[in-house]
Amino acid sequence: MLIYDGSHCEGYGKEGSLFPMSREARIRQYLLGTLSEDERQRVEDRYFSEPVILEELAAVENDLIDAYVRRELSPAEAKQFESNYLSSPERRARIEFARCLERARPEFAPQQRQSESAARKFGFTFISMRSPALQWAAVAAAMLVTASGIWLIVQKGSVRTDFPVAHSQQQAPPTTGIHAGEPQTQASTAAAQPAAGSNDLPKGRDIASVSREPVLTFTPNSEAVRSVAGSGNRLTIPSKISSVLFRVPITGATYPTYQADLQTVDRQTIQTSKGLKSRNSHGQQVVYFRVPSSRLTPGDYVVRLSGEDAAGRLEEIQAFSFRALGK
Amino acid sequence: MLDLQVKLVSELAAELLPDAAFPESAFVTNCSSFRKSGATSPEPLSVLLACLDADVGKAWAQYELIRRRLVKFFECNRCWPAEDYADEALDRIAKRSDVQQIRDIASFAVGVARNLRFEDHKRTRRIEYLDGSPAGAEALADPHDYQCDIVEQIDEEVRLQCLKKCLGEMPADERDLVLDYYSAEGSKHYKHRRALAQRQGLKMDALRVRMNRSREKLERCVDQCLAARRNRLRSASGSSAPQP
């Protein structure tokens, strides 16, 4: 079967249909991994021999990723997509890009072109009016529209002015709050959109509700590790923050899993987080663990991070102290 | 038993017939440009480039195009990192003693890629996955740990800032076109893009190529922005100098 034979493709060769649907569908199946081995080979042979097919492949892939992000895929397709696309950092990054493109679009919407087009249409209609009464009515309407427009622009301007303030209350930019000799903190109300892969979240776990909680990330200063409690790491917890996400960079050997113990300075354990895995974050291995802010009453604390080897033995690899401050 | 036989046969095929996947038509002519150069022991890459085109610039363009296809192949066949596999495939082709006999290197490359994929899948089959991992307090971390999800969402915020910066740096016309092109949802996008192509005075495939390039450019810009931010964070955590 010649899957890309133009004569078999619906709409092939017609004006404006240089992207035949049957071919697009086949490429889509290839990307979702649902073609037979024989069909896969045919697709691969084609994109190795014809640059135009490679371009189509790239375009279909972009659309597929966008469709996933917009939740337009059927449940079966979404599952196939996830099994093919969530397993590699490169592809996950492309999904993240698509998600961000969706979120950024409203801010950069091509309004100018639309308004120009509308203005052209309006102007043409106005000129074509032959009755003076109609022309005056149109002038009045135009003035009303202009006044409304100015009012809207003013309103929009005030919203834009207000936005950074509202934004900073809930979600400071991640680069802020970095000071030498101070730990890095960043507040974040995690995005309203669930993370990729949330379609197959375990039952009973509502990531959306969890992720809307205001969270404060806290990276202890490495120079303050093992220092006297409170001398280097100060953690100010705003009242609206529900939990603190500790971010501990790992130096030296890595372990399959880690355990983090949060203790008071007199070694009373407040929380133990087991089975933590390190993650690659900005080029370094980092262990994250979360502590509800209700457990961090003002005072001095010590965090002990231990690596757990394959035999289950724990070895303390890092300890740091910090002073929690209320606000 | 049957699985074992299948495995043995496929492994033998790969070991005894490494070029079994190559079309015979791939081997026909010589690389005349290379022969004209008169080099006796050139670097394998130089030989490969000479086989692609006598003009160095065109040869590199072809090389990049083949590499791009290879990356896509390995991505679609779940061989990670796909770029490393693509480079390995090109190295293997370049190091072949008969590289000058290959008429169509792109067609030949897909055969090399299939062999590499086969080798990779053979290796990964040997990895054992434990289904019966311990539960309770001894359980491994949940792959959908909400802490990780929160971290990912924070990363997304950073990525979004980078994207906005990159979009802001784009020429307004190009930015509007990209955002318009990718704005239509579901089944509407075909009509929307056809209308967009007509407005731009372009054919659909030309518009598609242009949008692919613009999106790639944006993705690269975002990657560079994230890398720059990583470097800033590294230098901030590695030095005690005050940060701006």
Side-chain angles (χ1 to χ4, degrees), chain A residues 16 18-19 30-31 44-45 47-49 51-52 54-55 57-59 62-63 66 70 72 87-88 90-91 96-97 99-101 103-105 107-110 113 173-174 178-181 188 190-191 195 201-202 205 207 210-211 215 217 222 245 257 274-277 279 282-283 288-290, chain B residues 65 68-69 72-73 75-76 78 80-82 106-107 109-110 137 139-141 144 146-161 163-164 167 175-176 179-180 182-183 185-186 189 194 197 203-205 208-209 211-212 215 219 222 229-230 233-234 236-237 240-243:
Chain A
L18 295 164
F19 203 176
Y30 171 74
L31 292 165
E44 286 159 359
D45 287 341
Y47 72 71
F48 266 86
S49 59
V52 69
L54 186 68
E55 292 297 342
L57 185 79
N62 287 335
D63 290 341
D66 289 345
R70 290 171 180 158
E72 291 169 358
S87 56
S88 91
E90 292 86 355
R91 282 185 154 181
E96 290 306 315
F97 174 86
R99 185 170 284 123
C100 289
L101 194 61
R103 290 180 62 193
R105 185 180 300 117
E107 195 171 314
F108 292 92
R113 183 179 49 73
I178 301 169
H179 305 289
S188 170
L201 280 173
R205 172 155 289 170
I207 179 62
V210 171
S211 65
V215 175
T217 57
S222 57
L245 190 65
T257 56
K274 293 181 178 179
L276 305 169
K277 289 197 170 184
R279 289 165 45 88
H282 306 298
Y288 291 93
F289 63 97
R290 179 176 172 271
Chain B
L65 185 59
R68 205 169 149 228
R69 291 163 175 163
K72 194 54 68 188
F73 174 92
E75 276 179 9
C76 294
R78 302 192 204 186
W80 314 110
S107 299
V110 71
L140 297 175
H144 289 287
Y146 63 91
Q147 289 169 2
C148 293
D149 289 327
I150 291 167
V151 172
E152 277 169 11
Q153 285 166 357
I154 291 168
D155 287 348
E156 187 183 314
E157 291 304 314
V158 178
R159 191 179 291 274
L160 180 63
Q161 285 177 13
L163 176 61
K164 285 179 179 176
L167 281 168
R175 181 180 63 224
D176 288 356
L179 293 173
D180 205 0
Y182 290 111
S183 67
E185 296 181 1
H189 78 249
R194 191 163 57 181
K203 287 187 174 176
M204 277 283 274
D205 54 352
R208 188 174 60 234
V209 170
M211 292 301 97
N212 281 349
R215 188 161 171 152
E219 287 186 24
V222 170
R229 190 179 176 279
R230 277 196 294 272
L233 279 172
R234 274 203 201 107
S237 62
S240 57
Q243 296 300 305

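Within every chain, numbering begins at 1; the chains are lettered A, B, ... in the order of the sequence lines, protein sequences first and strands thereafter.
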task: Can you tell which part of B:A197 gets under 4.5 Å to a heavy atom of chain A, answering side chain, backbone, both or neither?
output: neither
query: For the residue pair A:Y47 and A:Y30, what are the closest heavy atoms and their distance?
result: OH-OH, 2.8 Å
message: Checking B:R68 now: which residues fulfil salt bridge (charged side-chain N to carboxylate O under 4.0 Å, His left out) with it, not counting sequence neighbours?
response: A:E55, B:E216
task: Determine the option with the most heavy-atom pairs under 4.5 angstrom with chain A, choosing from B:R69, B:K72, B:H189, B:E75.
output: B:R69
- request: Using a cut-off of under 4.5 Å on heavy-atom pairs, state which of B:A106, B:A82, B:C76 scores highest against chain A.
  value: B:C76
query: Is it true that the NZ or CZ of B:R215 lies under 6.0 Å from the centre of B:Y182's six-membered ring and within 45 degrees of the ring axis?
result: yes
Segment of B:L167 engaging chain A (4.5 angstrom heavy-atom cut-off): both
- prompt: When only pairs under 4.5 Å are counted, which of A:L101, A:V52, A:N62, A:D66 shares the most heavy-atom pairs with chain B?
  reply: A:N62
- prompt: By a 4.5 Å heavy-atom criterion (distance strictly below it), what part of B:V222 contacts chain A: side chain, backbone, both, or neither?
  reply: side chain
- request: Kindly indicate whether the side chain of A:R99, heavy atoms from C-beta on, has any atom under 4.5 Å from the side chain of A:E96.
  value: yes
- request: Answer yes or no: is there an ion pair linking B:E156 with B:R159, defined by an N-O contact shorter than 4.0 Å?
  value: no
task: Using a 4.5 Å cut-off on heavy atoms from C-beta on, say whether the side chain of B:K164 contacts that of A:R103.
output: no
- request: Could you have a look at B:N212, B:L65, B:V209 and say which one has the most heavy-atom pairs with chain A under 4.5 angstrom?
  value: B:N212
- request: Using non-hydrogen atoms and a 4.5 Å limit, figure out which bit of B:R78 sits close to chain A: side chain, backbone, both or neither.
  value: side chain
